[in-house]
S.K.: 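Dumping the structure here so I can ask a few things about it.
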There are 2 protein chains.
Amino acid sequence: MATIEVEPTEPGEGAGPVALTRRGGVALWRQIEQALEAEIASEGLAPGDRLPTEHALAERFGVNRHTVRQALGALEERGVVRVEQGRGTFVHDDPLPYTVRKRTRFSETIRLQNREPHSRLILAGNFPAESAIARPLGLRRGESVILLETLGEADGRPITIASHYFPAARVPDMIAAYRAEGSITRALARCGIADYTRKSTKVTARLPSAEDARALRLPRSRPVLVAENLNIDLDGRPIEVSINRMAAERVQLVFEP
Amino acid sequence: MATIEVEPTEPGEGAGPVALTRRGGVALWRQIEQALEAEIASEGLAPGDRLPTEHALAERFGVNRHTVRQALGALEERGVVRVEQGRGTFVHDDPLPYTVRKRTRFSETIRLQNREPHSRLILAGNFPAESAIARPLGLRRGESVILLETLGEADGRPITIASHYFPAARVPDMIAAYRAEGSITRALARCGIADYTRKSTKVTARLPSAEDARALRLPRSRPVLVAENLNIDLDGRPIEVSINRMAAERVQLVFEP
DNA sequence: ACGTATTTGTTCGTATGTATC
DNA sequence: GGATACATACGAACAAATACG
């Protein structure tokens with residue numbers, strides 16, 4: 001008994017008749033979760049689309065708004081939807097394909113996806129190198145490196161935080177050059193490094209630090225991809241180590257041999 | 001029974017007398033964090049080593065256990081240590097470098113790191129392809145694919161869970177072949193695919209499903225790297241899509257152009 | 001298979017110093 | 001100065017996972 005037939009609110013698509021079974025051993029919110037996910041998977045709801053309001057969903061399924069919220073919470077936890085305070089609930093966008101090649105520049109890569117790149121300087125300074133930075137750069141621990149920390153955005157959406165390390169001996173004026181040019185590539189050119197290419201990329205993932213989470217506008221529970229690039233100049237000498245942190249749910253790194 | 005050793009356990013190195021300054025403008029937990037990190041950096045504590053218990057550290061530094069915990073939490077957040085309930089706190093192991101090339105085979109890659117690879121079949125079957133699998137394989141949604149799910153280990157430590165999808169029309173006897181050979185590469189050879197190479201790899205990260213977490217022996221709060229490989233045969237035709245999930249804290253994917 | 005000791009995880013409560021308006 | 005919020009530090013108790021005989 002007690003199967004509740006809810007009349008479809010729209011005849012066309014998406015809001016097909018969903019029968020929730022009570023006392024069937026599956027909690028209502030789980031059934032709602034599955035129903036919504038099925039709707040998304042069947043492409044009745046496209047990436048970026050806004051779901052009906054919680055109120056509307058509660059009406060449609062004939063349940064309390066709390067029950068809908070539990071279902072949405074489960075979907076958000078799994079990264080299927082994204083809930084924004086005051087705006088609504090949205091089907092999660094497809095991740096941005098970020099193709100990594102021998103010559104990869106952030107702004108080019110973003111523009112390739114028809115999005116508008118923007119880069120902002122967060123922090124700049126001169127520090128003694130930790131061994132994790134010194135080694136790939138071919139320096140001794142404690143030698144001076146220049147750090148530029150940048151936040152990269154696509155269409156205003158934060159994509160990556162990158163810590164760029166340069167050997168201070170090679171490019172002493174890097175900070176000024178970056179301030180003048182607003183781009184790593186052009187700043188390096190100004191410092192006499194006409195071109196550089198990627199020697200290797202090491203990828204791992206972890207949960208974000210508090211600062212990274214804030215800058216990326218990402219909950220602390222959502223992982224970040226960490227890509228460590230070693231870039232070399234045309235003579236094959238290391239010129240930059242960059243450590244990029246990206247919201248894992250927003251990007252997909254693409255490597256093609 | 002309450003034998004309390006406050007003195008340095010070793011005269012040589014590591015547990016040297018550390019003077020914490022109160023009211024010095026630096027919080028106690030930060031000083032403890034730095035002291036422990038210095039000890040690890042100086043290799044008084046090697047990767048994998050267990051740190052003293054929180055209780056012991058609290059005694060040693062003359063602070064409350066909460067204060068020690070805050071320091072350990074900061075170290076864990078930065079990936080310096082790994083805290084395991086009921087077991088202790090450990091210096092973080094170095095991640096296993098997993099180099100991805102045009103021809104990458106799990107067992108070869110593991111052996112390169114002087115570790116003993118092992119592969120175990122978890123699941124095998126024949127299914128209609130979802131679009132995410134069908135598309136890269138050049139099939140239509142619903143066409144039959146063979147799924148082999150394997151768990152790869154190095155020195156008995158679970159490294160990766162991989163779902164391998166093959167077009168059933170091309171290699172109908174793949175499951176039997178795998179059971180006979182115990183290796184994807186040799187099974188494909190038996191099915192007439194002499195060789196195959198990697199066309200592309202897409203990398204992202206997420207929190208693990210319950211099953212993945214269990215198989216990888218990983219807490220659900222720790223992210224997994226997800227690498228989707230598309231492999232093609234010598235004629236350039238797609239022969240396999242594999243979706244690999246790896247404990248992010250245990251591996252580092254290395255790409256060299 | 002079970003109980004016990006060990007170790008980390010969580011939640012109370014309390015007190016104090018610091019920064020801000 | 002006063003009010004307030006926040007981070008720091010301590011204490012006690014209990015919960016949960018693990019190790020071990």
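Note that the coordinates shown come from a computational prediction; the quantities given were computed from them, not determined experimentally. Just so it is clear: chains get the letters A, B, ... in the order the sequence lines come, proteins before strands, and each one is counted from 1.
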S.K.: Using whole Å, report how far CZ of B:R50 lies from C1' of D:dA17.
M.R.: 14 Å
S.K.: Are side-chain N/O atoms of B:T21 and B:Q31 paired as donor and acceptor at under 3.5 Å?
M.R.: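 There is such a pair between these side chains.
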S.K.: Summarise protein proximity over nucleotides 12-20 of chain C in one line of letters, 5' to 3': B for base, S for sugar-phosphate only, - for none, counting protein heavy atoms closer than 4.0 Å.
M.R.: ---------
S.K.: Indicate yes or no: does B:E249 engage B:R82 in a salt bridge with an N to O separation below 4.0 Å.
M.R.: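 Salt bridge between B:E249 and B:R82, a charged N being under 4.0 Å from a carboxylate O: no.
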S.K.: Are there over 12 heavy-atom neighbours, none belonging to A:R157, within less than 6.0 Å of that residue's CZ?
M.R.: yes
S.K.: Regarding B:E84 and B:R87, does a basic nitrogen lie under 4.0 Å from an acidic carboxylate oxygen?
M.R.: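 Counted as a salt bridge, because a side-chain N and a carboxylate O are separated by less than 4.0 Å.
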S.K.: So what does B:L28 hit on the nucleic acid, given a heavy-atom distance under 4.0 Å: a base, only sugar-phosphate, or nothing?
M.R.: sugar-phosphate
S.K.: Would you mind checking if B:R30 and B:E33 are paired as a salt bridge, meaning a charged N to carboxylate O distance below 4.0 Å?
M.R.: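 Counted as a salt bridge, because a side-chain N and a carboxylate O are separated by less than 4.0 Å.
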S.K.: Looking at D:dG11, I'd like to know if its phosphate oxygens (OP1 or OP2) sit under 4.0 Å from a side-chain N or O belonging to B:N64.
M.R.: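 Yes, B:N64 has a side-chain N/O under 4.0 Å of OP1/OP2 on D:dG11.
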S.K.: Just how far, in rounded Å, is C1' of D:dT8 from CD of B:E33?
M.R.: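 Checked: the CD to C1' distance equals 15 Å.
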S.K.: Quick check: closest heavy atoms across A:L225 and B:A205, and the distance to 0.1 Å?
M.R.: CD2-CB, 3.9 Å
S.K.: Is the distance from OP1 or OP2 of C:dT6 to the nearest side-chain N or O of B:T53 less than 4.0 Å?
M.R.: no
S.K.: Any residue in residues 77-90 of chain B with a heavy atom nearer than 4.0 angstrom to DNA chain D? Just list them by number, or reply none.
M.R.: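 Of all residues in residues 77-90 of chain B, the ones placing a heavy atom under 4.0 Å from DNA chain D are B:Q85, B:G86, B:R87.
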S.K.: Charged N to carboxylate O under 4.0 angstrom, A:R206 versus B:E77?
M.R.: no
S.K.: I want to check one thing: is the phosphate of D:dT8, taken as OP1 and OP2, less than 4.0 Å away from some side-chain N or O of B:Q70?
M.R.: yes
S.K.: Give the rounded distance in Å between these two atoms: CD of B:E54 and C1' of D:dA17.
M.R.: 13 Å
S.K.: Tell me: NE2 of B:H55 to P of C:dA5, nearest whole Å?
M.R.: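 B:H55 atom NE2 is separated from C:dA5 atom P by 16 Å.
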S.K.: Has B:R22 got a side-chain N or O lying under 4.0 Å from the OP1 or OP2 atom of D:dC10?
M.R.: yes
S.K.: Look at B:E108 together with B:R115 and state whether they make a salt bridge at an N to O cut-off of under 4.0 Å.
M.R.: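 No, no charged N to carboxylate O under 4.0 Å.
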S.K.: With a 4.0 Å cut-off on N to O distance, would you call A:R141 and A:E130 a salt bridge?
M.R.: no
S.K.: Could you tell me whether B:R30 contacts a base, only the sugar-phosphate backbone, or nothing, with contacts defined as non-hydrogen atoms closer than 4.0 Å?
M.R.: nothing
